[in-house]
Asks: 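Encoded as structure tokens, here's the structure I'll be asking about.
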Amino acid sequence: MTGDAGAWPVDPDTLAAVQRRLGAARPPPWEPATGHTVAASYVCFARGLRGPGAGGDPGWAGAAVKRPGSRSESVVAHGPAGWAYEPGLLALREGPLRAAAVASLPFPGDVLLVDATGRDHPRRAGLALHLGAALGVPSVGVTDRPLLAAGTPPAQGRCSSTALLVDGEVVGYLLRTRPGVRAVVVHAAWRTTAQVAVAVVLGATRRMRTPQPLREARRAARAARGASG
DNA sequence: GCGACAG
DNA sequence: ATCTTGTCGC
């Protein structure tokens, strides 16, 4: 079900071609069912790196998955970054490492949360969308700020949201997950609309600003970094 | 030409 | 992403 969408190019031109194809794809839309499981992917890098970093930077990819009524399970993959950070080319730097971590989870989850954009991207295929396509799982992006899209801040109350548009397409929402706290950016990605993305994020968010599975993936990645380097 | 620009 | 000082909130 992944097909060549699972490819992780190692140069900018090839990645851009894959992104254009993924951005133009129209896979069957997915919607959450009661009791769906939520997985998440997060990457951190060695401390002390300068600016955008470079290929070979030591990285730790954390992945976590939680089914309702069970404890969360997490794994970590350790390996080198594939590239420096460049806006629009994040998959080059982090794609393979994140895919390795998510693939080693005990079970895949029904939907994957990623701290990256989805359709808010020059070629409509940010890393959240790419990772979902590569792994064959519906995905949702959650970031602190948009890449291309602009929007107005939502009202202060919990669950307030405002749409983010690119070329007239709703690619995401600014979403107030906690009253009075800075909004998160929720991104439509692989097989998810912006509206479904908001529902998934609200369903996975507890007391904190960001969804619990993403926090668990981050905790695992940082713990592994502290233990090895 | 310069700054901005997911992580 | 990481660094760092300061501030606010539970």
Asks: Using the side chain to side chain contact (heavy atoms under 4.5 Å, CB included) criterion, which residues pair with A:E169? Sequence neighbours excluded.
Replies: A:R119, A:R124, A:V171
Asks: With the threshold set at under 4.0 Å for non-hydrogen atoms, list the residues of residues 140-161 of chain A touching DNA chain B in residue-number order.
Replies: A:T143, A:D144, A:R145, A:P146, A:L147
Asks: Clusters formed by hydrophobic residues whose side-chain heavy atoms approach within less than 4.5 Å: which one holds A:M208, and what are its other members?
Replies: none
Asks: Going by the salt bridge (Lys or Arg N to Asp or Glu O under 4.0 Å) test, which pairs reach into residues 151-162 of chain A, not counting sequence neighbours?
Replies: none
Asks: Where are the stems of DNA chain B, defined as at least 3 consecutive Watson-Crick or wobble G-U pairs with both distances under 3.5 Å?
Replies: none
Asks: Return the set of residues passing salt bridge (charged side-chain N to carboxylate O under 4.0 Å, His left out) with A:R20 (not counting sequence neighbours), or none when no residue passes.
Replies: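 Not a single residue meets the salt bridge (charged side-chain N to carboxylate O under 4.0 Å, His left out) criterion with A:R20.
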Asks: Both atom distances under 3.5 Å, Watson-Crick or G-U wobble: I'd like the secondary structure of DNA chain C as a dot-bracket string, with | for pairs made across strands.
Replies: ..........
Asks: Would you mind listing the cluster partners of A:F45? Hydrophobic ones only (ILVMFWY), side-chain contacts under 4.5 Å, chaining allowed.
Replies: A:V43, A:L49
Asks: Show every donor-acceptor pair shorter than 3.5 Å between a side-chain atom in residues 88-110 of chain A and any protein atom, with sequence neighbours excluded, or say none if there are none.
Replies:
{"from": "A:R93", "atom 1": "NH1", "to": "A:A54", "atom 2": "O", "distance (Å)": "3.3"}
{"from": "A:R93", "atom 1": "NH1", "to": "A:D57", "atom 2": "OD2", "distance (Å)": "3.3"}
{"from": "A:R93", "atom 1": "NH1", "to": "A:W83", "atom 2": "O", "distance (Å)": "2.8"}
{"from": "A:R93", "atom 1": "NH2", "to": "A:D57", "atom 2": "OD2", "distance (Å)": "3.0"}
{"from": "A:E94", "atom 1": "OE1", "to": "A:R98", "atom 2": "NH1", "distance (Å)": "2.6"}
{"from": "A:R98", "atom 1": "NE", "to": "A:S41", "atom 2": "OG", "distance (Å)": "2.9"}
{"from": "A:R98", "atom 1": "NH1", "to": "A:D115", "atom 2": "OD1", "distance (Å)": "3.4"}
{"from": "A:R98", "atom 1": "NH2", "to": "A:S41", "atom 2": "O", "distance (Å)": "2.9"}
{"from": "A:R98", "atom 1": "NH2", "to": "A:S41", "atom 2": "OG", "distance (Å)": "3.4"}
{"from": "A:R98", "atom 1": "NH2", "to": "A:D115", "atom 2": "OD1", "distance (Å)": "2.1"}
{"from": "A:S104", "atom 1": "OG", "to": "A:A101", "atom 2": "O", "distance (Å)": "2.8"}
{"from": "A:D110", "atom 1": "OD2", "to": "A:T37", "atom 2": "N", "distance (Å)": "2.7"}
{"from": "A:D110", "atom 1": "OD2", "to": "A:T37", "atom 2": "OG1", "distance (Å)": "3.3"}

Asks: Using a cutoff of under 3.5 Å, can you pull out all pairs of nitrogen or oxygen atoms linking the protein to nucleotides 7-10 of chain C, with atom names and distances?
Replies:
none

Asks: From CG of A:L127 over to P of B:dA6, roughly how many Å is that when rounded to an integer?
Replies: 13 Å
Asks: Should A:R93 be listed as having a side-chain N or O under 4.0 Å from OP1 or OP2 of C:dA1?
Replies: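 Checking C:dA1 against A:R93, no side-chain N or O comes under 4.0 Å of OP1 or OP2.
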Asks: Would you list the pairs meeting side chain to side chain donor-acceptor pair (under 3.5 Å) in which at least one residue belongs to residues 195-206 of chain A, sequence neighbours left out?
Replies: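 Sorted result for residues 195-206 of chain A: A:Y173-A:Q195.
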Asks: Quick test of the criterion, 5.5 Å between centres and less than 30° between planes. Is A:Y85 stacked on B:dG7 or not?
Replies: yes
Asks: Distance check needed: C:dT2 C1' versus A:Y42 OH, whole Å only.
Replies: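 My rounded result for the distance is 10 Å.
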Asks: Could you give the side-chain donor-acceptor pairs of residues 137-155 of chain A under 3.5 Å, partners two or more places apart or in another chain?
Replies:
{"from": "A:S139", "atom 1": "OG", "to": "A:A128", "atom 2": "O", "distance (Å)": "2.8"}
{"from": "A:S139", "atom 1": "OG", "to": "A:W190", "atom 2": "N", "distance (Å)": "3.0"}
{"from": "A:T143", "atom 1": "OG1", "to": "A:R145", "atom 2": "O", "distance (Å)": "2.8"}
{"from": "A:T143", "atom 1": "OG1", "to": "A:H187", "atom 2": "NE2", "distance (Å)": "2.9"}
{"from": "A:D144", "atom 1": "OD1", "to": "A:R209", "atom 2": "NH2", "distance (Å)": "2.6"}

